[in-house]
There are 2 protein chains.
Amino acid sequence: MNYSKQREVVLDSLKKNVIHPTAEKLYSIIQIEYPEVSKATLYRNLSQLADAGIIKKIDGLEPSAHFDHNTHPHYHFMCEKCGRVFDISTDVAQNVTEKAEQETGFKITSHEIVFKGLCKDCQE
Amino acid sequence: MNYSKQREVVLDSLKKNVIHPTAEKLYSIIQIEYPEVSKATLYRNLSQLADAGIIKKIDGLEPSAHFDHNTHPHYHFMCEKCGRVFDISTDVAQNVTEKAEQETGFKITSHEIVFKGLCKDCQE
DNA sequence: CTCAACTTGATAATCATTCTCATTTTAAAC
DNA sequence: GTTTAAAATGAGAATGATTATCAAGTTGAG
């Protein structure tokens with residue numbers, strides 16, 4: 001991957017926005033300061049960065065993909081009221097890969113847990 | 001929900017096809033025997049049945065949604081080679097909801113785990 | 001049987017994303 | 001610093017999945 005100003009902007013903006021934004025959300029954020037980044041470039045760079053393991057695409061949050069600059073293992077929680085996405089520690093489900101491999105005989109390379117419900121703020 | 005022949009066909013076809021088909025896959029299956037079921041009706045009924053809790057939409061298997069007639073709690077595994085989706089017992093991750101609620105203070109109403117890797121057949 | 005609510009098929013519309021391609025930028029080699 | 005091939009870009013077209021629209025047909029309680 002060669003350097004490009006636009007890719008730098010995409011990655012920096014994702015790092016600055018810990019809200020696990022969707023591509024569209026990130027696009028609108030970037031537009032404010034860097035209107036020179038096109039939508040095609042944004043999508044292109046999001047997949048490239050994800051392929052390179054520099055960012056992570058969060059599955060399970062359809063209809064549109066969310067992205068996370070934190071590639072350390074962790075799970076996610078999405079509040080069904082405010083829509084915000086929070087990180088959940090892997091502590092909540094230990095050795096799941098091992099257990100699932102034992103139980104099935106499958107070779108598991110990745111897994112993802114998505115919780116849904118109400119965040120603290122929205123419970124009130 | 002009133003009765004309709006088409007809805008019956010959709011539900012029966014999903015029950016007969018344990019492969020966790022996508023909407024499009026199910027459409028092509030249904031077309032063979034019941035060409036009178038339109039795509040709009042299929043999509044409409046899939047969401048209605050899912051809203052009613054009669055079937056379940058499996059998230060995390062983008063880009064298109066998969067459906068499951070088994071609404072009992074269980075997880076999923078998708079083989080990255082053959083694309084098949086298998087059920088995984090909830091044994092592999094016990095008390096995750098409780099643990100996550102304790103850790104975060106969020107009210108969790110649902111969660112989903114999707115594993116990816118190679119199924120038994122594809123490991124050879 | 002009647003009638004309002006529900007459902008349908010056909011198709012248009014929408015949304016998210018990917019693709020195309022001519023132009024521009026990057027960076028390694030000279 | 002010039003050359004050059006590979007990489008990256010912007011604009012917009014194209015695609016795929018899904019949802020919306022709406023006139024016409026179906027269902028079921030009274």
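Keep in mind that what you see is a predicted model, and the values were worked out from it rather than measured. Quick note: numbers below take in every heavy atom, side chains included, and nothing from hydrogens, waters or symmetry partners.
Applying the salt bridge (charged side-chain N to carboxylate O under 4.0 Å, His left out) test to every pair with at least one member in residues 37-53 of chain A, sequence neighbours left out, gives these pairs: A:Glu24-A:Lys39. Screening residues 69-78 of chain A for salt bridge (charged side-chain N to carboxylate O under 4.0 Å, His left out) gives no qualifying pairs among residues at least two apart or on separate chains. For residues 64-81 of chain B, there are no salt bridge (charged side-chain N to carboxylate O under 4.0 Å, His left out) pairs, not counting sequence neighbours.
A:Met1 places its CE atom 16 Å from the C1' atom of C:dA27, with the value rounded to the nearest Å. At whole-Å resolution of the value, OH in B:Tyr34 and C1' in C:dT8 are 18 Å apart. A straight line from NZ of A:Lys25 to P of C:dA16 spans 13 Å, rounded to a whole angstrom. Atom C1' of nucleotide C:dC19 and atom CD of A:Gln48 are separated by 14 Å, given to the nearest angstrom. Taking atom CD of A:Glu8 as the reference point, atom P of D:dA8 lies 14 Å away to the nearest angstrom.
Across residues 76-84 of chain A, not one residue has a non-hydrogen atom less than 4.0 Å from an atom of DNA chain D.
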Under 3.5 Å, which donor-acceptor pairs link side chains of residues 7-15 of chain A to any protein atom two or more places apart or in another chain?
unit_1	atom_1	unit_2	atom_2	d
A:Arg7	NH1	A:Asn45	OD1	2.8
A:Arg7	NH2	A:Asn2	O	2.6
A:Glu8	OE1	A:Tyr3	OH	2.6
A:Ser13	OG	A:Val9	O	2.6

Output side-chain donor-acceptor pairs under 3.5 Å for residues 90-99 of chain A, partner residues at least two apart or in another chain, one line each.
unit_1	atom_1	unit_2	atom_2	d
A:Asp91	OD1	A:Ser89	OG	3.4
A:Asp91	OD2	A:Ser89	OG	3.2
A:Thr97	OG1	A:His111	ND1	3.4

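In summary, the aromatic rings of A:Phe106 and B:Phe115 are positioned with their centroids too far apart to meet the 6.0 Å limit.
In this structure B:Ser38 satisfies the side-chain contact (heavy atoms from CB on, under 4.5 Å) test together with B:Ala40, B:Thr41, sequence neighbours excluded. The side chain to side chain donor-acceptor pair (under 3.5 Å) check on A:Asn70 picks up nothing, with sequence neighbours excluded.
Closest approach to the B:Arg7 side chain among D:dA8, D:dA11, C:dT8 is made by C:dT8 (side chain taken as heavy atoms from C-beta onward).
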_Output one letter per nucleotide in nucleotides 14-27 of chain D: B when a protein non-hydrogen atom lies under 4.0 Å from the base, S when only the sugar-phosphate is that close, - when neither is._
---SBBBB-----S
